[in-house]
J.: 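One structure, as structure tokens, below. Some questions next.
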Amino acid sequence: MALRHVLFALALAVLPAAMSAMDAPTGVLAIPAGDQDEVPCGGAAVVVEMPGLGRMILTLEEALPGAGRGEKGAARLSSHIDLVLPGGRRGSATIVRRGAATGALLLHPDVMLDDSVTKPLELADSAQVHIGDTVWTAGNAFGALEQDGAAAISRGVISGLYAIPSGSPPVRGRGGRILSSYRGAVIEIDAAVNDGNHGGALLDGAGRLIGLVSLGTARERRLGTAVPIHVVMKDLECAPTLAEPAAERDPLERSLVRAAAAVAPAIALVYIERPAGLGNPEAMPRPTRLVDEVPAYDRERLQNWWSGYYHQQQMFYTDQPISALVIDAQSGLLLTAASNLHGEAEVGSVLVPGKAAIPCKVLARHLPLDLALLKADQPLPFPALALATDPHLALGEPIAVAARHIVDGGHTMTVGVVSATGRRRTRNDFAFTQTDAHVNYGSLGGAVVDAQGAVVGMVVMLGPDDGNWPWMINSGVGLFADSASIARVLPEMIAGRTTGSAPPIGLGVLLKRGLAKDGMEVESVTPGSGADKGGVKPGDIITALDGLPTRDIGAIGRGVMKHRTGERVALNVRRGGETVALSVVIGALAK
């Protein structure tokens with residue numbers, strides 16, 4: 001059995017045990033939503049033991065009712081907070097400390113919190129966690145704790161460790177409501193974070209508290225985050241004992257973590273100048289008022305304005321440095337996704353930590369695979385990576401996506417599996433591979449690696465161009481170009497030649513529309529084509545392709561798209577009163 005399959009089998013054996021060991025923690029509480037909140041669930045809080053203070057409660061300001069109302073919503077917060085305990089019992093708490101930097105709150109419970117009701121969470125030192133460590137979120141996701149009496153949990157890994165820049169705008173939601181204005185150090189995760197989780201627990205593999213879940217996100221990444229608990233404690237001027245966190249990883253994740261870390265030095269961060277990019281704020285100005293600040297008759301208009309603003313500024317925010325793979329450091333060659341080059345981008349700079357940026361320009365594009373080759377003005381001070389010549393991309397194959405998005409911010413990593421192969425946008429020889437690993441603008445152009453450390457592809461197809469819109473960020477449907485396909489077109493790109501479109505592939509027939517009820521009639525056959533050589537004749541009615549009915553032209557197109565040039569398809573044609581079986585070679589057609 002191949003090593004990758006051994007690792008996959010081990011992972012399947014380990015995961016159920018790890019998941020069953022994580023019971024719903026009773027140290028997580030719910031904060032009910034206010035009457036005017038747009039979301040029908042509140043936030044969450046956690047119970048901890050504090051030296052000299054006894055049993056206390058931690059949460060984030062953003063989790064409280066009314067916290068997101070307007071730019072100064074926090075000023076309207078009450079110091080008395082209602083709570084829902086595990087099992088449905090009601091209680092309350094009073095704010096005794098506020099963290100100025102993190103928005104963290106320390107609350108004194110106004111109800112007895114003994115172990116029969118809730119058991120405090122042990123604290124672990126979040127300064128010692130690593131990318132790839134197993135984590136869990138636990139909170140009041142969509143009111144789970146309020147309705148069901150127990151916290152909802154979700155498993156994932158730490159996908160990034162960085163700081164959200166201080167100049168970043170607040171994250172907003174429905175009607176302009178501020179979800180989070182926190183800016184600072186975060187633990188990024190690919191575990192689920194939903195409405196109601198904020199203020200709740202981020203737990204390590206042993207169930208110890210390493211962070212408070214936030215709705216704050218880096219716009220480039222759009223993944224869940226948590227405020228590290230060691231940062232929270234410092235901000236609240238508390239000094240509890242922090243245990244060493246559990247660096248739990250199953251064998252599969254351990255291999256992927258090593259693979260991502262090994263290729264990360266060969267992933268460069270490049271700033272691309274986009275004179276006509278969507279990051280231009282004039283494209284969609286920010287609404288002047290919040291929805292709940294205007295009369296009812298004007299709210300629909302303003303809501304549509306806010307929706308358009310978010311769509312442009314947050315979903316399609318792309319005015320940030322991009323990931324690029326160093327493929328020849330001495331020649332200054334880097335590969336990224338052509339989707340990154342929207343807005344008439346042609347020049348940019350390779351960002352080098354601690355040194356001057358190196359100017360670069362676009363050397364060539366290969367649009368069928370969404371590739372772009374950049375050339376720097378001088379050799380690059382990075383190692384080059386090697387693309388796998390024979391990538392193993394079977395369905396279910398575990399992979400990791402490694403990328404960068406912040407200078408000096410380290411690399412990021414999300415994990416998943418190959419969820420589909422041979423995905424095609426048009427009928428040509430170039431196909432993409434699909435993964436359920438979270439991909440976003442912060443990983444567009446990043447490396448896809450397998451558990452053996454081979455670079456098997458690069459993330460593509462996430463740009464804002466019209467043709468790319470079906471592939472959205474963080475939807476569980478991410479695409480990458482496999483390394484073999486990249487290697488096939490790279491020589492042409494290095495020579496400076498751009499490919500705008502690929503020749504279509506097909507049978508080599510012209511079909512009549514709508515004349516036959518059980519198939520498609522052949523009007524003419526292209527001389528020298530696969531159909532011609534395979535014996536297809538004008539007047540034949542194609543009734544099946546590879547055993548599937550062909551009652552319309554779409555059925556034939558879908559059947560052809562499953563193949564590449566040189567592969568054969570089986571045709572059933574009706575000729576006169578007989579059915580004839582033919583074998584036809586797929587070939588490239590004239591554009």
J.: Sub-3.5 Å donor-acceptor pair from the side chain of D195 to the main-chain atoms of F142, do we have one?
T.: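 The answer is no, because no donor-acceptor pair under 3.5 Å joins these two groups.
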J.: How long is the straight-line distance from CG of L85 back to OG1 of T26, given to the nearest 0.5 Å?
T.: 9.5 Å
J.: Hey, is R97 close enough to E61 for a salt bridge, meaning N to O under 4.0 Å?
T.: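 Result for this pair is no, no salt bridge flagged.
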J.: To the nearest 0.5 Å, how far apart are CE in M233 and CG in L242?
T.: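 Between atom CE of M233 and atom CG of L242 there are 8.0 Å.
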J.: Between the side chains of R404 and T412, is a donor N or O closer than 3.5 angstrom to an acceptor N or O?
T.: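 There is no such pair (donor and acceptor under 3.5 Å, judged by atom type) between the side chains of R404 and T412.
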J.: Quick one: does any side-chain atom of S323 pair with a main-chain N or O of G445 as donor and acceptor, under 3.5 Å?
T.: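 Answer holds: no.
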J.: Enter the distance from H438:NE2 to R222:CZ here, rounded to the nearest 0.5 Å.
T.: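 With rounding to 0.5 Å, NE2 (H438) is 12.5 Å from CZ (R222).
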J.: Ignoring hydrogens and angles, state whether a donor on the side chain of T433 or D482 is under 3.5 Å from an acceptor on the partner side chain.
T.: no
J.: Under a 3.5 Å threshold, yes or no: a donor from one side chain and an acceptor from the other, between S339 and D370?
T.: yes
J.: When you compare the side chains of Y182 and E62, does any donor N or O come within less than 3.5 Å of an acceptor on the partner?
T.: no
J.: Please report whether the ring centroid of Y441 lies less than 6.0 Å from that of H405.
T.: no
J.: With side chains defined as the heavy atoms from C-beta onward, is the minimum distance between V417 and D436 less than 4.5 Å?
T.: yes
J.: Among side-chain atoms of S92 and D110, is any donor-acceptor pair under 3.5 angstrom?
T.: yes
J.: What distance do D450 atom CG and I399 atom CD1 have between them, rounded to the nearest 0.5 Å?
T.: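 So the CG of D450 and the CD1 of I399 are separated by 9.5 Å.
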J.: Mind checking the CD-CG spacing from Q434 to L395? Nearest 0.5 Å is all I need.
T.: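 It comes to 9.5 Å.
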J.: Can you see whether H108 engages T94 through a side-chain donor-acceptor pair at a distance of less than 3.5 angstrom?
T.: no
J.: Quick check: does any side chain N or O of S180 sit under 3.5 Å from a backbone N or O of V171, one acting as donor and the other as acceptor?
T.: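 No; judged by distance alone, with no hydrogens or angles, the pair does not exist.
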J.: Kindly compute the distance separating CD1 (I57) from CG (L105), expressed to the nearest 0.5 Å.
T.: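 I57 CD1 to L105 CG: 11.0 Å, rounded to 0.5 Å.
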